[in-house]
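Note that the coordinates shown come from a computational prediction; the quantities given were computed from them, not determined experimentally.
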Amino acid sequence: MTQEGQVTPPPVIWAQRSNLLFVTICLEDCADPTIKVEADKVYFKGVGGTEKKLHEVIINLYKEIDPDKTVQSPKGRNFELVLYKKESGPFWPRLTQENKKFHWLKSDFNKWQDEDESDEEAGNMNSNSLEEMMRQMGGLGGEGSGFGGEGTGIGGEYNIDKPNFDDLDMGGEDGPDSDDDEMPDLE
């Protein structure tokens, strides 16, 4: 419900570490956006999305960053920015200077890390593949215990007994299927 002449901000997701911020602007099919990074703000303007509309946003940052160290990486549908905080230290309580909720700004839980979690722990967790995590949980892995390994049905040989349903008595006391009987009336 935008008014005529009002520009729509693109969706933005973010996460942080003690010394940097990950800011991802999500706008597909945007060929030549304008991205300006200053010490206290990030500016984005571009035409894209399913409706090929103009999207524009100014993010007034909570504190200052070092714009000279900014890393920009266009990734097809997204524009990823790595912004280095001017002062490394405690996590910011929010990305923006304004203490209000913006509908276009969300947390990037793929890159999220709690402040009390060390960078090393987060790096180890992020670098683990799904297979490694499943292996640690006992769901995947080496011989007899995982996808593609020996002893499994996926990419390996079955070496477990499959159930045989041929000897099941399907007749029962009430005939072929007692579930077909009429339901009694509710009281």
Using a 4.5 Å cut-off on heavy atoms from C-beta on, say whether the side chain of [Y] contacts that of [X].
X      : Y      : value
Pro9   : Phe102 : no
Leu83  : Leu20  : no
Gln113 : Arg17  : yes
Tyr84  : Thr70  : no
Leu81  : Val42  : yes
Lys75  : Thr24  : no
Ile59  : Trp104 : yes
Gln72  : Val37  : yes

If I compare all heavy atoms of [X] with all of [Y], which pair ends up nearest, and what's the gap?
X     : Y     : result
Ile25 : Pro10 : CG2-CG, 3.6 Å
Leu95 : Trp14 : N-CZ2, 3.4 Å
Ser88 : Asn19 : OG-CB, 3.5 Å
Asn99 : Arg94 : CA-NE, 3.5 Å
Leu27 : Gly49 : CD1-N, 3.6 Å
Ala39 : Pro67 : N-CG, 3.7 Å

Atom [atom1] of [X]: over 12 foreign heavy atoms under 6.0 Å:
X     : atom1 : answer
Lys69 : NZ    : no
Glu38 : CD    : yes
Lys52 : NZ    : yes

Hey, is the main chain of Thr8 close enough, under 3.5 Å, to the side chain of His55 for a donor-acceptor pair?
yes
Do side-chain atoms of Lys85 reach the backbone of Phe91 as a donor and acceptor pair under 3.5 angstrom?
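Checking the backbone N and O of Phe91 against the side chain of Lys85, no donor-acceptor pair under 3.5 Å is found.
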Measure the spacing between [atom1] of [X] and [atom2] of [Y] and express it to the nearest 0.5 Å.
X     : Y     : atom1 : atom2 : value
Lys45 : Ile58 : NZ    : CD1   : 10.0 Å
Ser18 : Glu87 : OG    : CD    : 12.5 Å
Cys30 : Leu54 : SG    : CG    : 9.5 Å
Leu61 : Glu98 : CG    : CD    : 9.5 Å

Classify the ring geometry between Phe79 and Phe44 as parallel (under 30°), tilted (30 to 60°) or perpendicular (over 60°).
tilted
